[in-house]
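Here is the structure we will look at.
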Number of protein chains: 2
Amino acid sequence: MQIPLHLAISEQLRNQITSGEFQPGEQLPSEHQIMVQFEVSRITARRAIANLVNQGLVFSQQGKGVFVKEQRKVTYSLSSPMIFFEADMLRQGVRSAIHNLIFKPVSPPSPIRQTLQLTANHANQREVYLQKKLLLLDEIPVAIDITYILADLGKRYANELKQQMTFPTLEQNGIAIDRVTATLACTRADPETSEYLDVPLGEPLMVYCYTAYTDTDQPIVTGEALSRGDRLTYSVEIRKRD
Amino acid sequence: MQIPLHLAISEQLRNQITSGEFQPGEQLPSEHQIMVQFEVSRITARRAIANLVNQGLVFSQQGKGVFVKEQRKVTYSLSSPMIFFEADMLRQGVRSAIHNLIFKPVSPPSPIRQTLQLTANHANQREVYLQKKLLLLDEIPVAIDITYILADLGKRYANELKQQMTFPTLEQNGIAIDRVTATLACTRADPETSEYLDVPLGEPLMVYCYTAYTDTDQPIVTGEALSRGDRLTYSVEIRKRD
DNA sequence: AAGTGGTCTAGACCACTGA
DNA sequence: CAGTGGTCTAGACCACTTC
């Protein structure tokens, strides 16, 4: 067995997709049709389709069929995230919305405590607000954001924070963010995240971890955003240091 | 059927992994053991394992078994990619190496021509060098990079470019890079990439697309790097504009 | 030789969709 | 109702690893 049957089949279908023979949104042959056309068992036909799903090329809907994915991504600019987010989205022809899931004072876990440079003396106080929010683009959940913000800021701007992105809210209230350190990585959806973002288990996600500092080098916000890899792209401009 | 059997099983195993009951590198129960323990058919046992593979938690080796993945990632700094790459890797305790796959003059495809601001008159000339190279960290292929560089630079520094990263090579030769525009996104391994990077089909990858400009705003290099999402993290520092 | 995972078959029942 | 995909079973053969 040089090349598995299911792979040969999924490769042929894949070519038909990338060559445009199957257009985005179009329906693929049904499992039954594949069984007949390639003279294989249903399991093998299903396996071939699973390969395509796993490559992010198609998705399946029970009772309806298998369809070619649209590949439209929205770009999120890291270099000017402060004020222009909504405008940026509109420019890309996308309606954005935020659903607040959790907003409450908590005693932060140790690594958060460290990045926010909180001293240990107040260990039992509610020194930060924890916010979980869902970012919707065109009514589709695209990212889930978990933010820790210093308690006085969280308390003061609670209402605004629940309805907007964090950085713009701070900027609008005169809290200047001087720099943001961030990392970008990749994971796969676990069952909980797959619920929130309405994606299958294991779907590739991007992880954007950030910490924002004032001009006195005081960290005020840290958190991470899990976003759907098939819907979001991050852009950044790097300038040479002097 | 509220919750599928295969999911229930994979969830239980997942808990045992995240709780540390199964350590990284440790072997999971075999398909046969799962069949007996949960009283399911082999297909269902396999499906449960497939769920875990798909979440990036385990990997399987024919004839040996299923093992918990190590989760060690290396950080690549976008803010100082110029000179410090090798030093950065060493600091993280990682041996880095580069395998040159392709290095040749080509007539660039239209989108590349545009980003490099090449005029159409020379359409049939070999105005750029195309380089494909593999980045190995600890002898493991981690990223595949496809670079287009202006022909005179490519020709002049051919030997160095084949052995080092692109940006450091240019810096060392006095070609100052003033700024880099980049995007970071997510895809999944297609069959070709899965060969190069030695990962299963559909493995999440990061896509780093970049264009470098001189201080006269002349683009000199553009390209994209496909990296293994389970091995590489990108870091960046964003400073407020004035 | 024994144990592991990889591929494949035939067949059953269920859940959902749409005419 | 027919057609679709989702779950599950029992059983076969193969390829690879380890002893």
Side-chain angles (χ1 to χ4, degrees), chain A residues 1-13 17 22 25-69 189 191 194-195 198-203, chain B residues 1-13 17 22 25-69 189 191 194-195 198-203:
Chain A
M1 167 166 328
Q2 263 288 28
I3 181 164
L5 245 180
H6 63 84
L7 227 188
I9 296 172
S10 66
E11 274 301 81
Q12 176 167 337
L13 292 170
I17 293 172
F22 291 119
E26 202 176 331
Q27 184 165 6
L28 244 60
S30 72
E31 294 179 353
H32 184 71
Q33 286 173 305
I34 291 177
M35 288 171 65
V36 176
Q37 181 182 347
F38 295 93
E39 294 179 315
V40 294
S41 72
R42 192 178 164 209
I43 283 195
T44 305
R46 281 180 65 73
R47 180 79 188 271
I49 292 174
N51 287 341
L52 298 174
V53 172
N54 197 31
Q55 285 171 79
L57 294 170
V58 305
F59 64 94
S60 58
Q61 284 185 16
Q62 192 173 26
K64 296 173 98 171
V66 178
F67 304 87
V68 180
K69 262 200 195 179
S194 100
E195 277 290 323
D198 189 28
V199 293
L201 250 191
E203 178 84 2
Chain B
M1 167 167 327
Q2 263 288 28
I3 181 162
L5 245 181
H6 63 83
L7 228 187
I9 296 173
S10 65
E11 275 299 82
Q12 176 167 337
L13 292 170
I17 293 172
F22 292 120
E26 202 176 330
Q27 185 166 4
L28 245 59
S30 72
E31 293 178 354
H32 184 71
Q33 285 173 304
I34 292 177
M35 287 171 65
V36 175
Q37 181 181 344
F38 295 93
E39 295 180 313
V40 295
S41 73
R42 191 177 165 212
I43 282 194
T44 305
R46 281 179 65 72
R47 181 77 189 273
I49 292 174
N51 287 342
L52 298 174
V53 172
N54 197 33
Q55 285 171 80
L57 295 171
V58 305
F59 63 95
S60 58
Q61 283 184 20
Q62 192 172 26
K64 295 173 101 172
V66 178
F67 304 87
V68 179
K69 263 201 195 177
S194 101
E195 278 290 323
D198 189 29
V199 293
L201 250 192
E203 178 83 1

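In the text below, chain A, chain B and the rest are named by the order of the sequence lines, each starting its count at 1.
Here the side chain of B/Q12 pairs no donor or acceptor atom with the backbone of B/I9 at under 3.5 angstrom. A distance-only check finds a donor-acceptor pair linking the side chain of A/Q55 to the backbone of A/N51 [under 3.5 Å].
Heavy-atom distances to DNA chain C give each of A/T44 and B/E31 a nearest nucleotide, and the one nearer the 5′ end belongs to B/E31. Nearer the 5' end of DNA chain C, as judged by each residue's closest nucleotide, is the contact made by B/H32, out of B/H32 and A/R42.
Sequence neighbours left out, the pairs with a member in residues 28-39 of chain A that pass salt bridge (Lys or Arg N to Asp or Glu O under 4.0 Å) are A/E31-A/R42, A/E31-A/R46.
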With 3.5 Å as the limit, what N/O pairs link the protein to nucleotides 17-19 of chain D?
none

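Using five terminal pairs a side, the axes of the helix from C/dA1-D/dT18 to C/dG18-D/dC1 at its two ends make an angle of 10°, given in steps of 10 degrees.
For the pair A/F67 CZ and C/dT17 P, the interatomic distance rounds to 12 Å; values are reported in whole Å. Between the CD1 atom of B/I43 and the P atom of D/dA12 there is a distance of 14 Å, rounded to whole Å.
Residue A/S30 places at least one side-chain N or O closer than 4.0 Å to OP1 or OP2 of D/dT4. A/S60 has a side-chain polar atom (N or O) that falls below the 4.0 Å cut-off from OP1 or OP2 of D/dG6.
Listed by chain and number, the residues in a salt bridge (charged side-chain N to carboxylate O under 4.0 Å, His left out) with A/K69 are A/E203, A/D230 (sequence neighbours excluded). Applying the side chain to side chain contact (heavy atoms under 4.5 Å, CB included) rule to A/E195 yields no partners; only residues at least two apart in sequence or on another chain are considered.
Against DNA chain C, the stretch residues 45-58 of chain A makes heavy-atom approaches under 4.0 Å through A/R47.
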